[in-house]
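One structure below.
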Amino acid sequence: MPTRLTMLAPVEVADDIFFVHGPAANWIILRDGADFTLIDSGYPGDTPAVLASIRALGLQPARAAAVVLTHAHVDHTGAARHLSADHGVPVLADEKERAAVRGEEQYQVTLPDLLPLLWKPRVLAWTGHAVRAGGLTPNAIGTDGTASGPRLAELPGAPAPIATPGHTPGHTAYRLAGGTIAAGDALITAHPVNGGRWPRLQPIHPVFDHDRAAATASRRALAGLGAVTVLPGHGPVLADGAEV
């Protein structure tokens, strides 16, 4: 396990594209001068670390052009709520995610779903971390909008959406510059619930998926993109289109 300092240090994986390997979920900063786009934003408890990683790049949280979500699970929306409430930053997601962003719907794993897995020490430890990090906090983000191609093209980093439904109904990956893909949870490289050999590209454990068949199709579509650097929602960066 990397040290906390290593995990929270922004790593430049391509020009002005910074990946932060968080304690349990990751986020990405796309910098353009003094402005930036944040893709995903960790758990609610990760908010201080998200803000610190922004400032570590010489940026100010209030200058965020938008938070762009791969999906509306609470381990990806944490700091988005703060940036929206305190700075009026728009929070953008696919149309099918918007109700979940507002807290009106939820496609989130529950503790009863995890009960059959809690006998595994790594799963029990991860569950405890998730709860302490605010994993039971419902979304309630008001300044949201649709992550449409034209709107995204105007943002720092110009993330281009790739529909990858299955993990959630509107899960979206984003093609970035420099042959990089922000994959969210459509492809991960490690997760305590998965176990096994890692880092490697893999699907997230089925307990987390809303529609496993659709998630499998989306994963195969991403694998078909060829040699790319994958910035996953969980686990370290994996470069050069490693086999799924």
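Everything numeric here is computed off the predicted structure, so don't read it as measured data.
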Holding to side-chain contact (heavy atoms from CB on, under 4.5 Å), I want the full list of residues that pass it with [X], two or more places apart in sequence or in another chain.
X	value
Pro44	Val74, Thr137
His205	Leu117, Val193, Asn194, Val207, Phe208
Pro156	Asp32, Asp35, Thr37, Ala65
Ala173	Ile162, Thr164, Ile181, Leu222

Do His76 and Asp185 have side-chain heavy atoms sitting under 4.5 Å apart?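 They are in side-chain contact.
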Is the closest side-chain heavy-atom distance between Ile39 and Leu231 below 4.5 Å?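 No - every pair of side-chain heavy atoms lies 4.5 Å or more apart.
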What residues form a side-chain hydrogen bond (donor to acceptor under 3.5 Å, both in side chains) with [X], not counting sequence neighbours?
X	result
Asp75	His234
Thr146	Glu95, Arg98
His82	Asp86
Thr47	none

Rest of the hydrophobic cluster containing Tyr107 (Ile/Leu/Val/Met/Phe/Trp/Tyr, side-chain heavy atoms under 4.5 Å)?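 None, because no other hydrophobic side chain comes under 4.5 Å of this residue.
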Tell me, which pairs form a side-chain hydrogen bond (donor to acceptor under 3.5 Å, both in side chains) where one or both residues lie in residues 112-123, sequence neighbours left out?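 Those involving residues 112-123 are Thr110-Asp113.
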What residue pairs, at least two apart or across chains, pass salt bridge (charged side-chain N to carboxylate O under 4.0 Å, His left out) with a residue in residues 127-143?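 As it turns out, there is no salt bridge (charged side-chain N to carboxylate O under 4.0 Å, His left out) pair with a partner in residues 127-143 once direct neighbours are skipped.
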Residue pairs fulfilling salt bridge (charged side-chain N to carboxylate O under 4.0 Å, His left out) with at least one residue in residues 15-27, sequence neighbours excluded: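 Pairs touching residues 15-27 that pass the test: Asp16-Arg31.
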Would you sort out whether His73 and His167 count as a side chain to side chain contact (heavy atoms under 4.5 Å, CB included), showing the intermediate values? CA-CA 10 Å; His73 281 169; His167 182 62; 3.2 Å; yes
Between Glu97 and Thr168, is there a side-chain donor-acceptor contact under 3.5 Å, judged purely by atom types and distance?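 Side-chain D/A pair, Thr168 to Glu97: present.
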